[in-house]
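Here is the structure we will look at.
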Amino acid sequence: MENGAAQPVIVAIDGPSGTGKSSTSKAVAAQLGLSYLDTGAQYRAITWWMVTNGIDIEDPSAIAAVAGKPEIVSGTDPAGPTITVDGTDVAAPIRTQEVTSQVSAVSAVPEVRARITELQRSIAAGAERGIVVEGRDIGTTVLPDADLKIFLTASPEARAARRSGELKGADVNATREALVKRDAADSSRKTSPLAKADDAVEVDTTELTLPQVIECVVTLVEEKRAGK
Ligand SMILES: Nc1ncnc2c1ncn2[C@@H]1O[C@H](COP(=O)(O)OP(=O)(O)OP(=O)(O)O)[C@@H](O)[C@H]1O
Ligand SMILES: Nc1ccn([C@H]2C[C@H](O)[C@@H](COP(=O)(O)O)O2)c(=O)n1
């Protein structure tokens with residue numbers, strides 16, 4: 001631009017569980033001075049609220065009836081992203097096994113998706129310098145006009161090894177089975193399933209280190225900004 005101010009850039013990063021979306025998105029946003037939004041954390045937060053309030057997760061109509069109740073607030077600083085529900089910091093409880101095992105069922109309910117999608121669009125629209133938004137349906141549904149769409153993949157074996165390392169020695173086979181099951185549920189739901197947008201750039205991270213993936217995505221954003 002003539003005045004030297006960069007146009008805000010919207011980057012959508014989607015992909016299955018454990019492909020490196022959060023680590024990559026946070027680092028890319030920090031490096032480029034952009035905001036960062038973890039949409040999985042928002043679905044986890046609404047799931048935590050449902051569990052805490054005794055809502056029957058097996059009953060989509062019970063979930064739909066209260067989908068508008070919790071107030072979810074996401075802090076978008078990549079150096080310290082935050083998430084609260086009705087003013088309570090839920091960054092830790094949304095990562096429990098109880099929430100992880102139920103989040104696919106809650107996030108499949110159309111009323112939940114409508115609510116969270118609206119929130120995501122309003123956060124992206126308010127990001128003055130631009131934003132990196134990561135999830136499962138960002139390029140296809142939430143921000144179909146994003147400037148750059150990335151779809152990260154990795155073999156289930158690589159993803160399980162990464163996750164079990166993170167979970168300090170959790171059984172790799174059980175971890176692999178759990179993530180493959182969650183991906184199947186997220187890919188097969190009717191409303192905005194996990195999917196690669198037709199115009200997304202696919203990056204297979206199986207054989208790449210995290211710094212290599214970050215460098216690859218930063219380069220793609222810079223090329224986009226330079227109009228290449
Ligand atoms: N290319 C890579 N090589 C090795 N480890 C990686 C790579 N990318 C990410 N990791 C590690 O894998 C783990 C999962 O990464 P991350 O949480 O970023 O994935 P994700 O796609 O956001 O997962 P989820 O969808 O389940 O939230 C982390 O411990 C992270 O440090
Ligand atoms: N855009 C999104 C983001 C996440 N979800 C659902 C499906 C995932 O299994 C779950 C947790 O996400 P994670 O923290 O593992 O990234 O949230 C979704 O449906 N759409």
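Each ligand, and each atom within it, is numbered from 1 in the order the structure gives.
Applying the 4.5 Å side-chain rule to ILVMFWY residues, one finds Val180 in the same cluster as Leu179. Cluster partners of Val201, using a side-chain heavy-atom cutoff of under 4.5 Å among ILVMFWY residues and allowing indirect links, are Val9, Val11, Ile13, Val28, Leu32, Leu34, Val132, Leu148, Ile150, Leu152, Val203, Leu208, Leu210, Val213, Ile214, Val217, Val218, Leu220, Val221.
A salt bridge links Arg159 with Asp183: at least one charged nitrogen is closer than 4.0 Å to a carboxylate oxygen.
No side-chain donor from either of Arg162 and Ser23 sits under 3.5 Å from a side-chain acceptor of the other. In summary, the side chains of Asp59 and Ser61 do present a donor paired with an acceptor at a separation below 3.5 Å, with no hydrogens or angles considered. Side-chain polar atoms of Ser101 and Arg182 form no donor-acceptor pair below 3.5 angstrom.
Side-chain contact between Ile123 and Thr76 is present, with heavy atoms from C-beta onward closer than 4.5 Å. Between Thr175 and Val172, every side-chain heavy-atom pair lies at or beyond the 4.5 Å cut-off.
For the pair Asp14 (side chain) and Phe151 (backbone), a donor-acceptor distance under 3.5 Å is absent.
Residues of the protein with a heavy atom under 4.0 Å from ligand 1 are Pro16, Ser17, Gly18, Thr19, Gly20, Lys21, Ser22, Ser23, Arg136, Arg162, Arg163, Glu166, Arg182, Leu208, Thr209, Leu210, Val213, listed by chain and number. Around ligand 2, the residues contributing at least one heavy atom under 4.0 Å from the ligand are Thr39, Gly40, Tyr43, Arg44, Arg95, Val103, Ser104, Ser107, Arg113, Gly135, Arg136, Asp137, Ile138, Arg182, Asp186, Arg189.
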